[in-house]
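Worksheet: one structure, shown below.
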Amino acid sequence: MASYQAPRGMRDLLPEEAAGMDALLAVVQARALRYGYPRMVTPVVEERRVFIKTTGESSDVVSKEMYEVRLGGEGDLALRPEATPAIARAFLDAGLHRSPRPQRFFAYEAMFRGQRPQKLRYRQFWQWDLECFGAPEASVDVEIIDFTNGLFREVGLTGYEIRLNTIGDDRCRARVRETLAAYFRRHLDALSEVSKRRVETNVLRVLDSKEPQDRPLVDGAPAILDLLCDEDRRHFADVREGLTGLGVPFTVTPTLVRGLDYYTRTVVEFVLTAPEYEGIAVAGGGRYDGLFRTMGAEDMPGTGIAGGMDVLYYALKQEGVAVAEDPKPDVYVVSARPDDAANRMQLAAPLRDAGFTVAIDYSTRPLDRQLESAVKHGAKVAIIAGTPEARGGYVIVRDLTKKEQRNTRLAAVVTEVGRHVRPRPLPTLWRPPADPDQMEQGAAGETPYLQDPRD
RNA sequence: GCGGCAUUGGUGUAGCGGUUAGCACAGCAGAUUGUGGAUCUGUUAGCCCGGAUUCGAAUUCCGGAUGCCGCCCCA
């Protein structure tokens, strides 16, 4: 047992997991970009009040799961428990509420909650996140749900269902709250302790109670949908219609209310259905038209959704999806000569430039040991230097899987290696695109550009 | 945060008051003056931490830490 261990509820992502998370991130981020959501990055810590005012003092996330940090004697900071308030803060901080609306953002960050760890529930976990500020239309609600559904289809996740509900906007919800509170107050004695408290703090959560003794009362409670205003009902109808039109399946779940205070109208959860992970949410979100007002800013509608990257990763693994390529190097350089480290590096250089993943054995062990080690490190190809037959500008390229090899001129090593393993694409910085005027026009037989009669 | 169960080399485990704490895999070294995952030999490495009971504790008890399950809630 090691003397040191990761802090409670936190864990290390070893290379295989890290590679998986990177691969997922690449997919999510590219998809976000395609939907018009560029990435924004915010600090790991925020002032506590950023979350207290928005996520809500009565929410569990704030009331008992905030991971607080201090610098010297100063407190009032917390590791971010979720993305939305932080992004809204950054948005206001930068004056982006003056920019043309709506504004869309993607985020991918580690989140922290001081909860008791359990399967797929950590104190540090990673979320991808979409936020759209400044659009009141139900279509944006549809858009983020469609995005998420499409994302899961893209990565191959099948075992989940979409739960959808509406909780009304600020004005109508006041009436919903009053009506429900009044109803539950009449039957207070029959309620569980938690629910009794929630009647006063957040009555909607009583509907979500899992206490068996609350079931009859909850079942007999007035339905939220019946208490909403016409606009809320229309909004919800538009969301459902939009989803149905896109072929996105969902289940209306009247008891779904979610624990964050800022939600209005649409709330949605993507819940895993596999037996091992049943009931675990892999994404969740909704509309929060009141968020900016709670932050003291001018009113602005908003919609967002967040997904657990860890949950997604493990759910995919559980479904047998190969998330990422093995991060082990494909090529290993070994040598029979003890003191030729520089030569081994020179052999690796052109292969690396060509995109192959190459590791070097610098040891002076016997060749058989080095080859055995190369195999155990997962290499597919070995470059063998320093043997009698590989003298005078030659080297052996050996396919460790097929156990075939070829004495190869140095100039041909890259080509020869390419016959056995594929190079990885090299990431690049942005380069200017080719001049559109020089691109072939009307290649598909269409008129190159639409004419505007005003021109 | 509440309740329950668990914790033995790197990994998986045996041990159930007195054992040099056993085994398998992995690691390292050699047999093999050098083209490998085999075999054999050797070797490294462990009772989560602290206290108590006892002549004696990996084993019992109490605290703590961590993990898992349920609750709460959520990604």
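As the structure is a computational prediction, the values presented were derived from the model and not from experiment. Naming convention: chains lettered A, B, ... in sequence-line order (proteins, then strands); numbering from 1 in each chain.
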Worksheet item: If we take the C1' atom in both B/rG18 and B/rA26, what is their distance in whole Å?
Response: 33 Å
Item to complete: Would you classify A/Phe270 as touching base, sugar-phosphate or nothing, given that sugar-phosphate means primed atoms plus P, OP1 and OP2, and contacts are heavy atoms under 4.0 Å?
Response: nothing
Practice prompt. Would you kindly give the CG-to-C1' distance between A/Asp399 and B/rU35, to the nearest whole Å?
Written response: 13 Å
Discussion item. Using whole Å, what does the distance between atom P of nucleotide B/rG36 and atom CZ of A/Arg365 come to?
Written reply: 15 Å
Worksheet item: With both distances under 3.5 Å as the test, what is the Watson-Crick or G-U wobble partner of B/rU66?
Response: B/rA6
Discussion item. Could you check whether any side-chain heavy atom of A/Met40 comes within less than 4.5 Å of a side-chain heavy atom of A/Tyr108, counting everything from C-beta outward?
Written reply: no
Worksheet item: Between A/Trp128 and A/Phe147, does the ring centre distance come in under 6.0 Å?
Response: yes
Worksheet item: Which nucleotide in the list B/rG36, B/rG34, B/rG30 gets nearest to the side chain of A/Leu367?
Response: B/rG34
Worksheet entry | Base-pairing assignment for B/rC16 (Watson-Crick or G-U wobble, both under 3.5 Å) | none
Item to complete: Using Watson-Crick or G-U wobble geometry with both distances below 3.5 Å, tell me the partner of B/rA57, or none.
Response: none
Item to complete: Report yes or no: do A/Glu17 and A/Tyr314 form a side-chain donor-acceptor pair below 3.5 Å?
Response: yes
Worksheet item: Is it the case that A/Tyr160 and A/Asn149 place a side-chain donor and acceptor less than 3.5 Å from each other?
Response: yes
Practice prompt. With P as the reference atom in both, quote the distance from B/rG70 to B/rC25 in angstrom, rounded to an integer.
Written response: 36 Å
Worksheet item: Side-chain donor-acceptor pair under 3.5 Å between A/His235 and A/Asp141, yes or no?
Response: yes
Worksheet item: Does A/Arg344 count as lying over the ring of A/Tyr362, i.e. NZ or CZ under 6.0 Å from the six-ring centre, within 45 degrees of the axis?
Response: no
Discussion item. Heavy-atom nearest nucleotide on RNA chain B for A/Gly307 versus A/Thr401: which residue maps closer to 5'?
Written reply: A/Thr401
Worksheet entry | Distance, rounded to the nearest Å, where A/Ile396 contributes CD1 and B/rG34 contributes P | 13 Å
Item to complete: Quick one: label A/Leu400 by what it contacts on the DNA or RNA (base, sugar-phosphate, nothing), any heavy atom closer than 4.0 Å.
Response: base
Item to complete: Give one of base, sugar-phosphate or nothing for A/Val282, where a contact means two heavy atoms less than 4.0 Å apart.
Response: sugar-phosphate
Fill in: B/rA29 versus B/rC68 - spacing of their C1' atoms, nearest Å
39 Å
Discussion item. Distance check needed: B/rC73 C1' versus A/Met66 CE, whole Å only.
Written reply: 16 Å
Worksheet entry | Minimum-distance nucleotide to A/Gln5 side chain [options: B/rC68, B/rA65, B/rC71] | B/rA65
Item to complete: Would you kindly compare A/Phe125 and A/Pro7 by the position of their nearest RNA chain B nucleotide and give the one closer to the 5′ end?
Response: A/Pro7
Item to complete: Report the distance from atom CG of A/Asp368 to atom P of B/rU33, rounded to the nearest whole Å.
Response: 8 Å
Worksheet, complete the sentence: Expected label for B/rG34 (glycosidic angle, syn inside 90° of 0, else anti) would be syn
Worksheet item: What integer number of Å spans the P atoms of B/rG64 and B/rC23?
Response: 37 Å
Discussion item. Between the base of B/rG3 and the side chain of A/Arg116, is there a donor and acceptor pair under 3.5 angstrom?
Written reply: yes
Item to complete: Round to a whole Å and report the spacing from OH of A/Tyr314 to P of B/rC68.
Response: 11 Å
Item to complete: Could you measure between the two C1' atoms, the one in B/rA45 and the one in B/rG50, and give it in whole Å?
Response: 24 Å
Worksheet entry | Flag if over 12 foreign heavy atoms under 6.0 Å of CZ, A/Arg424 | yes
Item to complete: Report the distance from atom NZ of A/Lys376 to atom P of B/rG10, rounded to the nearest whole Å.
Response: 19 Å
Fill in: B/rA21 pairs with, by Watson-Crick or G-U criteria that keep both distances under 3.5 Å
none
Discussion item. Of the options B/rC72, B/rG36, B/rU66, whose atoms approach the side-chain atoms of A/Glu372 most closely?
Written reply: B/rG36
Fill in: Nearest-nucleotide pick for A/Lys119, side chain only, options being B/rC68, B/rC73, B/rU35
B/rC68
Worksheet item: If you take atom types as modelled and just measure distance, does the side chain of A/Gln118 reach the base of B/rC73 with a donor-acceptor pair under 3.5 Å?
Response: no
Item to complete: For the residue pair A/Glu65 and A/Pro81, establish whether any side-chain heavy-atom pair is separated by less than 4.5 Å.
Response: no
Response to the item:
Looking only at B/rC72, B/rU66, B/rU35, the nucleotide nearest the A/Arg8 side chain is B/rU66
Worksheet item: How is A/Pro338 classified with respect to the nucleic acid when contacts are heavy atoms under 4.0 Å: base, sugar-phosphate, or nothing?
Response: nothing
Worksheet item: Once you round it to whole Å, what is the distance between C1' of B/rA65 and CE of A/Met10?
Response: 15 Å
Worksheet item: Expressed as a whole number of Å, how far does the P atom of B/rG36 sit from that of B/rA31?
Response: 15 Å
Worksheet entry | Rounded C1' spacing from B/rG22 to B/rC61 in Å | 27 Å
Worksheet entry | Candidate nucleotides B/rC72, B/rU35, B/rG36, ranked by approach to the side chain of A/Thr387 - the nearest | B/rU35
Worksheet item: Contact class for A/Gly279 (heavy atom, under 4.0 Å): base, sugar-phosphate, or nothing?
Response: base
Practice prompt. Please state the P separation for the pair B/rU44 and B/rU7 - nearest whole angstrom.
Written response: 28 Å
Worksheet item: Counting only Watson-Crick or G-U wobble pairs whose two distances fall under 3.5 Å, which nucleotide matches B/rG1?
Response: B/rC71
Discussion item. Looking at the base of B/rU35, is there any donor atom on it, or on the side chain of A/Gln370, that sits under 3.5 Å from an acceptor on the other one?
Written reply: no
Fill in: Any N/O donor-acceptor pair, A/Arg113 side-chain to B/rC73 base, under 3.5 Å
no
Practice prompt. Return the nucleotide paired to B/rU41: Watson-Crick means purine N1 to pyrimidine N3 with N6-O4 or O6-N4, wobble means G-U with N1-O2 and O6-N3, both under 3.5 Å.
Written response: B/rA29
